[in-house]
Amino acid sequence: MAVFSGKNLSCARGHRLIFEDLSFEIKNGQILALTGPNGCGKTSLLRIMAGLLDPFTGSLEWNGEKNPDFLAQNILWMGQETPLKPQLSVIENLQFLSCIMGGPSDKAAIQETLEKTGLGRFSHYPVRYLSMGQRRRTLLTLLYLAKRKIWLIDEPTNHLDKEGRDHLVKGVMDYTNQGGMAVIATHRPELWGSCTVLDVSAFDEGTAPERIAA
Amino acid sequence: MFGYANPKRYQQLSRIILALALVFAVIFLGEGLYLALIASPPDYQQSETVRIMYIHVPAAWLSMFIYASMAVAALTLIIWKHTLAGFYIRAAAPIGAAFTAICLITGSLWGQPTWGTWWVWDARLTSVLILFFLYLGVMALGNAYDNPDKSQQASAWLVLIGSINLPIIKFSVEWWNTLHQPASLTSLSRMANPGIHPDMLVPLLVMAGGFLCLFVVLAILRLNNEILSRKIHVMRLRTIHG
Amino acid sequence: MKQLTAVLMQDLRIDIRHGGQIVILPAFFLLIVLLYPLGLGADVKTLQTSGPGLLIIAALLASLLPLEKLYTDDLKDGTMDLLLLSQQPLSLYVTGKIMAHWIIAGAPLVIMSPVLAQMMGLGISWHALMLVFTPATLLFVLIGQIAAALSLNAQRGSVLLALLVIPLYIPILIFGAGALDLFQSGMSAKGPALFLWAMLAFALPLTPLVTVKLLKMQID
Amino acid sequence: MAEFLNMNGYGFYIWSAYGAALTIFIALALATLYKSFRLKREQRLLGKD
């Protein structure tokens, strides 16, 4: 029963603390939804969890002890941007990204995962033909391919149509039901069913930070 | 690295150095100009135009010295993250460029009467011209970013890379000079630095001292500007984000 | 190691199959060399004396073209974030980028140089040209990589890039042109040619490390 | 005095050299002082609100 937690994290942007003394804890099979208005630090918190941004204070722990290498090996980051090259086909993009994230890079394995996320038919289409929803689903395929324990997804549902959104939510829910962990920065926590909600703006500098039982 | 290192200590220190440098600058330059223009004898070959050398050579020394000092500041910024060093690079670069420009202009004004052309592809002059572009590069990179920390880091790295390249450039220009130099020019360039005559050396050194003090004065003024503008940048961020 | 080939293959695919960069750069190189006879007059005497230098200058200008687009796409679309989490050192990624950059922007110039030397009426053997152009184009690529990483997030990047990079290209230009000049006049060009290879030996190991440091600085 | 200014024929070059150096220094000094004046004014404005 692994636990991924952060102790009194704070993040500085420019010369100001956008959030302070924030702690969180997430166990297997759980989804943590980060909410709060834009600019309150949701994305920055996610980037700190992913190790892409150094926190001003505080630390991240896996099963209670600091282990940055382990975290770096088991975190999968999906930001608001879509790291797909429009000229290359879906399979070529995924081959590259999967190779970077340590997943399989042979066509067969990728094709089979693409079938699972419903993009099998388009595997040889250049990405520029795909809609934004289909591109996000391609990235969801990468989530499966990379087999990483902790999924960090930033605003997955914006510019997605209904059908794309359901597909994504189902994908993440299936994953967490099988014991994975997911932290999602979102404006619509109700989409993600029974998930613990952490309002990042509550930890704003100066406001009294109430601990939210994770 | 919030703010900058020990501001208070820097404040008093800079005020003392500024005053001292200003006083010495006036003394050295006054004495130097007197020596250069009035007291020193004309050169037997170039007659009066040697007086231009009393600015040309110190300016060249200064432009090299300032770039070297920026390289040291770049090292301290990159290794010890000392933000004051980052401000120094932004403060010193324009002064270095100014000295290089003076060196080039006085060089061509000296070239016209002595060599008959406004610009002579002499090895030293060409290296100074390249150094001028290195300075422009540092200044351009310095304010190419909106995030001040990034622009400091980037220009520090450029100064480092430039300082590694400078000796290579100097060597290659000198080698190039031997390759393409028509015979007539070699005799002229020997005349350009005819083994400094002792009573010419004194005004040269005094003027160099004067330029150095002038540099210190300008550097400190510009350094204060950089620190103030960083303070305002922080204030603006704070007022906007509330 | 797999990541290096993955980056290399991806860049080559983008540039060759889709971007057509593999055609544009040599065409630009040829175009500049075409301008010289039009500008200087086509009599062999002038072309021969100034030919070697002009060839290297054309290679220098052609190598400026691809610099701006080197890392901007990867930074904007978030690939750089994934690379940081990829557990493999970033220098593999940068080395892959350097190899792809040279294959696209360097090798064609080296291959074309004998043809252009003939056009300029230079009596330089093709292996002398290879001996000089290979290190020269590699050095243009290496220093270009550092400048591209330096001016990554800057506005008006391309103008800034040229200003940063050309002063650093000057030693390569001098020794390259000097070597070709000596080769043409039959004298031994060991000195400058060796110096070019020495500069290459100096720059090759350092560039990936410095570029990684600069990219990391730009990302956070 | 005229003979001194003339610098037996080279006066033009010598004085324009010294003049150029002087103008560059003055320009740099003025730019620096003007910038510090503008920054101080900006700081006063910021200090108020």
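Reminder, nothing fancy here: chain letters follow the sequence lines and each chain counts from 1.
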[X] portion near chain B, given a 4.5 angstrom heavy-atom threshold:
| X | answer |
| --- | --- |
| I146(C) | side chain |
| L214(C) | side chain |
| I166(C) | neither |
| I174(C) | both |

In Å and rounded to the nearest 0.5 Å, what is the CG to CG distance from L134(B) to N165(B)?
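Rounded to the nearest 0.5 Å, the CG-CG separation comes to 7.5 Å.
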Distance (rounded to the nearest 0.5 Å) between L54(C) CG and L60(C) CG
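Going from the CG atom of L54(C) to the CG atom of L60(C) covers 12.5 Å.
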Neighbour count >12 (heavy atoms, 6.0 Å) for atom CH2, W126(C):
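No - once you tally the heavy atoms of other residues, nucleotides and ligands closer than 6.0 Å, there are 12 at most.
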Heavy-atom pairs under 4.5 Å with chain B, option from A147(C), A154(C), S151(C) with the top count
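Ranked by heavy-atom pairs under 4.5 Å with chain B, first place is A154(C).
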Test item: [X] side-chain N/O and [Y] main-chain N/O as donor-acceptor pair under 3.5 Å:
| X | Y | result |
| --- | --- | --- |
| K170(B) | S127(B) | no |
| Y135(B) | Y67(B) | yes |
| E174(B) | A123(B) | no |

Identify the residues of residues 200-211 of chain C whose heavy atoms come closer than 4.5 Å to a heavy atom of chain B, ordered by number, or report 'none'.
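Within residues 200-211 of chain C, the residues that come under 4.5 Å of chain B (heavy atoms only) are F202(C), V210(C).
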Answer with yes or no whether the side chains of Q145(C) and Y71(C) bring together a donor and an acceptor at under 3.5 Å.
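The answer is yes; a qualifying pair exists.
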Taking atom types as modelled and ignoring hydrogens, do the side chains of Q153(B) and Y145(B) form a donor-acceptor contact shorter than 3.5 angstrom?
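No - no donor-acceptor pair under 3.5 Å links their side chains.
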Is it the side chain or the backbone of I78(B) that comes within 4.5 Å of chain C heavy atoms, both, or neither?
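Neither part.
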Given R230(B) and E226(B), is the salt bridge (charged side-chain N to carboxylate O under 4.0 Å, His left out) satisfied, shown in steps?
CA-CA 6 Å; R230(B) 170 57 74 93; E226(B) 291 301 325; over 6 Å; no
